[in-house]
Number of protein chains: 2
Amino acid sequence: MSKITIQEIADLAGVNKATVSRVINGNRNISEKTRLKVEAIMKQHNYVPNSIARGLAFNKTFTVGFCSDYTDKRAFANPFFYKVLQGIEEIVYNHDHMFLMMSDHDHDNKKSQSTFERVVVEHRVDGLIIPNSLLNERNYELLVKHEMPYVVTGENMLSKDGVPWVDIDNVQAGQILTEHLIDLGCREIMIYAGGAAAERDKFIADRLKGYRKTMENHRLEVRIIEQAEVLKSLYGSESSESAVEGRPEALICCTHEQLFEILDFENGNPLLSEIALATFDDFPMSKYMKHPVHFVEVDLEMMGKAAASMLFSLMNKEPGVPKSVSIATRIGS
Amino acid sequence: MSKITIQEIADLAGVNKATVSRVINGNRNISEKTRLKVEAIMKQHNYVPNSIARGLAFNKTFTVGFCSDYTDKRAFANPFFYKVLQGIEEIVYNHDHMFLMMSDHDHDNKKSQSTFERVVVEHRVDGLIIPNSLLNERNYELLVKHEMPYVVTGENMLSKDGVPWVDIDNVQAGQILTEHLIDLGCREIMIYAGGAAAERDKFIADRLKGYRKTMENHRLEVRIIEQAEVLKSLYGSESSESAVEGRPEALICCTHEQLFEILDFENGNPLLSEIALATFDDFPMSKYMKHPVHFVEVDLEMMGKAAASMLFSLMNKEPGVPKSVSIATRIGS
DNA sequence: CTGAAAGCGCTAACAA
DNA sequence: TTGTTAGCGCTTTCAG
């Protein structure tokens, strides 16, 4: 079925297949009459051009890929992650392309090619949207070498210039979240942002920066903890007088993992329930939780749209494409 | 880059491209000597056969697709849904295929083709795994017409024979969940399973069946509510004496949507907090919630593997392929 | 405006 | 064991 080829359509319409090809591709050099005739025949037999053959001739796939990272909790553990996809898809379909998702993990064992690698090397897509976490040195080289257009979601941590990315404005997010806690009356606000993590992940460094700036504006003390142990000791069983003194009114967790680490700790430490918790990325489960969590709301769909739009601009080699987009956030509820 | 073709490899190796093709495809009729030579040249130039061209020649894509349904809350709203994907991917890579995800929604407006339709009609994949919710009459016809092998996740609700599916054993799940609540000491156990929904969705009917069987075994009263209103009235402000009497000790919600409907209602009705809640599909957030939720644990990775394995069997036209797989569940924590 | 022919990169008979 | 020759289905010169 669907075996019907351009040649058969041509025969049926009594024209050459080149003519059929012209109507398929909207070539203007064609008489209204034959165009209509061919179109009718195509419709009648619901002919659909074979995309593989088309791809071979055009040396294109008419497909953009999205690679998600299995190990990226920030993405998949967030049930609202799919909104990004929705945004991407809308743009992709408007451009009459296919949207293909693949998943991958940054596996170090080079024994077998990663999905990502195969897709790039085999040119299975014309462009790629990948998460920050997948843009390591090796993958970067690969993309460049194969001249594969790409956009990164999440600001890149690679010290490369010119890597195009789309991300939420993490500095601003850090600011408004801190501002929100201050509005709530908190003064002693601590932030859980690992030193190593902040080095590795730009988004953590930025969130920290937003926090720091806000606290300093309000002349409040900046208190950063890098490991949960520090916090735990403040609430430990042998807590000294000074530990009790050191307890903050609020704690900002830079990632959901950090948040859950604290929440898990809390299950054995009712004292912790006094603290106001806050985190980034949508967290709509908050209202059902024992311990409510303040969070920042992100227009993820917009983020997806921005990424896809940027990708198409790159694919079309449009001049003057902005190399990055930051998306503002607001306090969620 | 990567422009290197089979012809150039052939020239470099001083052989015919057919010979190169033979080593690519592991043809046995080739001398060890030339095979090694060609392989060396290929490696040296990291030659990768163009998959598009290969696809055209083979009339295959070496790709299997997975279509997820945006509107299917049961899938995407569940952060652990990706485990299914992990299972699928493992099998797919073992078969040296690509795995491509697309998302779709059962949009009734026929104005534009759905992604699903395009993928099928254009033969972008050799086989497809799709959720139950996408297998409507129209899509079914399409798959059959285009002879596209497919497997459905979630038992099919279409009254078609021979639709291959993989699902959790929903009857068993209903049983163990009910059994679990009984073990906990509950006697008045109500189940929220919409009448219309149970008609439409086989999985609801099955869960209900498991509940019913267990309750009857224990000589307990089967109490089914089809709309949240019934329950709400039992807890409403003007609750009569009889309403209070009618309050169950436990409530089983057949879907997460139903569960959240109850949880949202609860926010204004502390009385409801007395009730034991239970639901299906993994719900690991339970331990962080104000109101803990009993749930059934599913080996989603296994489900993915089963679906993919079945698909490959179908693609290879293996004889005697079982038409369905039911996967047992256990109580989660 | 339309047709004929070459070719995209690879595979698969059929010969040699 | 290897080379030759057609295609796979479509696009795209280049003539007419």
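Naming convention: chains lettered A, B, ... in sequence-line order (proteins, then strands); numbering from 1 in each chain. Values below: all heavy atoms of this structure, side chains included; hydrogens, waters and symmetry mates excluded.
- Salt bridge status for Lys145(B) with Glu141(B): absent, with no side-chain N to carboxylate O gap under 4.0 Å.
- Between Ser31(A) and the phosphate of dT2(C), there is a side-chain N or O to OP1/OP2 separation shorter than 4.0 Å.
- Taking 4.0 Å as the cutoff to heavy atoms of chain B, we find the contact window on DNA chain D bounded by dT1(D) to dG9(D).
- Ring geometry, Phe66(A) versus Phe99(A): the interplanar angle falls from 30° to 60°, so the pair is classed tilted.
- Asp126(B) contributes a side-chain N or O that, together with a main-chain N or O of Phe62(B), makes up a donor-acceptor pair within less than 3.5 Å.
- We find the CE-CG distance between Met148(A) and Leu142(A) to be 8.5 Å, quoted to the nearest 0.5 Å.
- Between the Ser309(A) side chain and the Ala306(A) main chain, no donor and acceptor come within less than 3.5 Å of each other.
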Reading 5' to 3' through nucleotides 5-16 of chain C, protein heavy-atom contacts under 4.0 Å coded B for base, S for sugar-phosphate only, - for none: ---BBBBBB---

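- Between the side chain of Asn139(A) and the backbone N or O of Leu134(A), at least one donor-acceptor pair lies under 3.5 Å.
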Test log, rule side chain to side chain donor-acceptor pair (under 3.5 Å), inputs Arg35(B) and Asn27(B): CA-CA 10 Å; Arg35(B) 190 173 58 71; Asn27(B) 191 313; over 6 Å; no

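- One axis for each end of the helix from dC1(C)-dG16(D) to dA16(C)-dT1(D), each built from five base pairs, and the angle between them comes to 40° at 10° resolution.
- Other residues, nucleotides and ligands contribute over 12 non-hydrogen atoms within 6.0 Å of the NZ atom of Lys37(A).
- Under the side-chain contact (heavy atoms from CB on, under 4.5 Å) test applied with Ile129(B), the options Val92(B), Ile88(B), Val152(B) reduce to a single match, Ile88(B).
- Side chain of Asn316(B) to backbone of Glu318(B): no donor-acceptor contact under 3.5 angstrom is found.
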